[in-house]
2 protein chains.
Amino acid sequence: MAANGKKSDKHPPYKRSKQRERILALLRSTDTHPTANWLFGKLKKEFPNLSMGTIYRNIGILVRQGLIGRIAFGSTFDRLDANVSDHYHFICEKCNAIMDLKLPVVRDLEKQVPASEGFKVHRHAVEFYGLCPKCAKKA
Amino acid sequence: MAANGKKSDKHPPYKRSKQRERILALLRSTDTHPTANWLFGKLKKEFPNLSMGTIYRNIGILVRQGLIGRIAFGSTFDRLDANVSDHYHFICEKCNAIMDLKLPVVRDLEKQVPASEGFKVHRHAVEFYGLCPKCAKKA
DNA sequence: GTTCATGCAAATCGTTTGCACAATG
DNA sequence: CATTGTGCAAACGATTTGCATGAAC
């Protein structure tokens, strides 16, 4: 699943757990963007029997609670594109279709990244999320 | 790996193959963004013994040749983010670090997507690719 | 003929899930 | 005590890889 946020947010009555609290604390303590595996490494000292299942289940809960975000493109599998030219994408949150947009590519956006801080920008990508024409009609 | 394009592009002297030609043709014939599995389905009639290995190996070659693009965020695994506020990302093509940018989020970008065509935009994401300060310094 | 591509199967990797037991409210 | 969370291990789905054979140059 993608960053979604929709779906009748019927959380079950979450109970607190030491592990989940530590996961959240760890994520808040850093601005790198850790992976599940990194969390596991950091926490297995604290919880010697920690398991990946716990990490993933808690990540899921925290995302559902809106306390953290998950950076992942649309779905699990790679999508291919024979259109090699520069273009933006629209991703339908309903049917997961990915479509090319014929918008002008705003290279000027790249000027906003502070070169002063040492960034060297080569390119940028933009994805719009929402409902594609077909799904919008059905809504 | 991510959309990369770097790495000493020492292609071996690729030889042509019926399968690869058909894969490219298929990708060019559509503007949906097929998955490896979709290609497999379409082609197994034509090549009854086709294997997934062949699909993936050829996708890799086509990408290396710059003939197609692969849409995938940074890496294979999800990255987490405790920064829930709206922000853009910078992704280092060298060390794969993902960093939050403190740029203003340009919601006006979303107006460019032609609502006239029926798109309903909910949000958008921007990722800048290049060298992070650390890697830029070393270059 | 040497090199690259294929098919097949096994392997890998990140993630998910079923189950019995422990912790929470 | 009713329910949610944990650890463990097995299951999963997408992708990768080793190897013997077949096609390309």
Side-chain angles (χ1 to χ4, degrees), chain A residues 1-4 7 9-25 33-65 67-68 70-80 96 98, chain B residues 1-4 7 9-25 33-41 43-65 67-80 96 98:
Chain A
M1 252 329 86
N4 177 318
K7 285 257 167 182
D9 249 337
K10 289 209 158 308
H11 4 123
Y14 297 123
K15 298 180 177 174
R16 48 188 299 284
S17 99
K18 274 242 153 51
Q19 301 61 345
R20 185 157 66 250
E21 275 162 10
R22 292 293 296 124
I23 288 175
L24 181 56
H33 293 262
T35 62
N37 199 52
W38 182 90
L39 287 171
F40 183 72
K42 290 282 176 188
L43 290 175
K44 74 161 153 260
K45 297 136 189 225
E46 225 167 302
F47 304 93
N49 302 342
L50 185 61
S51 87
M52 273 298 194
T54 298
I55 298 280
Y56 281 107
R57 271 184 289 240
N58 280 316
I59 288 175
I61 293 178
L62 290 170
V63 170
R64 260 173 267 138
Q65 292 179 144
L67 293 174
I68 65 170
R70 188 192 261 134
I71 307 179
F73 208 91
S75 40
T76 341
F77 22 77
D78 288 356
R79 301 295 209 95
L80 306 170
N96 283 308
I98 299 183
Chain B
M1 252 329 86
N4 177 317
K7 286 258 168 184
D9 249 337
K10 287 207 155 313
H11 4 123
Y14 298 123
K15 298 179 177 175
R16 49 187 298 284
S17 97
K18 274 243 153 48
Q19 297 68 341
R20 185 156 68 250
E21 274 161 10
R22 293 293 296 124
I23 289 175
L24 181 55
H33 293 262
T35 61
N37 198 52
W38 181 91
L39 287 170
F40 183 73
L43 290 174
K44 73 161 154 259
K45 296 133 190 226
E46 223 167 302
F47 305 92
N49 303 343
L50 185 62
S51 87
M52 273 297 192
T54 297
I55 298 281
Y56 281 106
R57 271 183 288 238
N58 280 316
I59 288 174
I61 293 177
L62 290 170
V63 170
R64 260 172 268 139
Q65 291 179 146
L67 293 173
I68 64 171
R70 189 191 260 134
I71 307 180
F73 208 89
S75 41
T76 340
F77 22 76
D78 288 357
R79 301 296 209 95
L80 306 169
N96 282 307
I98 298 182

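Excluded from the calculations below are hydrogen atoms, water molecules and symmetry mates; all remaining heavy atoms, backbone and side chain alike, are included. Note that this is a predicted model, so its numbers are computed, not measured. Per chain, numbering begins at 1; letters A, B, ... match sequence-line order.
The side chain of A/Gln19 lies closest to D/dG7, out of D/dG7, C/dC4, D/dT15. Of the candidates C/dC8, D/dT15, C/dT15, the closest approach to any side-chain atom of A/Asp78 belongs to D/dT15. Side-chain atoms of B/Pro13 lie closest to C/dC4 of the nucleotides D/dT16, D/dG7, C/dC4.
Of the possible polar contacts, none joining the B/Arg20 side chain to the B/Arg57 backbone as a donor-acceptor pair under 3.5 Å is found.
B/Arg64 and B/Tyr14 form a side-chain donor-acceptor contact under 3.5 Å, judged by distance and modelled atom types alone.
We find that CH2 of B/Trp38 is positioned 16 Å from P of D/dA14, with the value rounded to whole Å. As rounded to whole Å, 11 Å separates atom P of D/dA9 from atom CG of A/Asn49.
For A/Lys15 against C/dT24, a side-chain N or O and a base N or O form a donor-acceptor pair under 3.5 Å. Residue-to-nucleotide contacts include a donor-acceptor pair under 3.5 Å from the side chain of B/Arg57 to the base of D/dG18. For C/dG14, its base never sits under 3.5 Å from the side chain of B/Arg79 at any donor and acceptor pair.
Proximity of B/Asn58 to the phosphate of C/dT6: a side-chain N or O atom is located under 4.0 Å from OP1 or OP2. Within the structure, every side-chain polar atom (N or O) of B/Thr54 is placed at least 4.0 Å from both OP1 and OP2 of C/dA5.
Where A/Ser17 and B/Met52 each meet DNA chain C at their nearest nucleotide, the meeting point lying more 5' is that of B/Met52.
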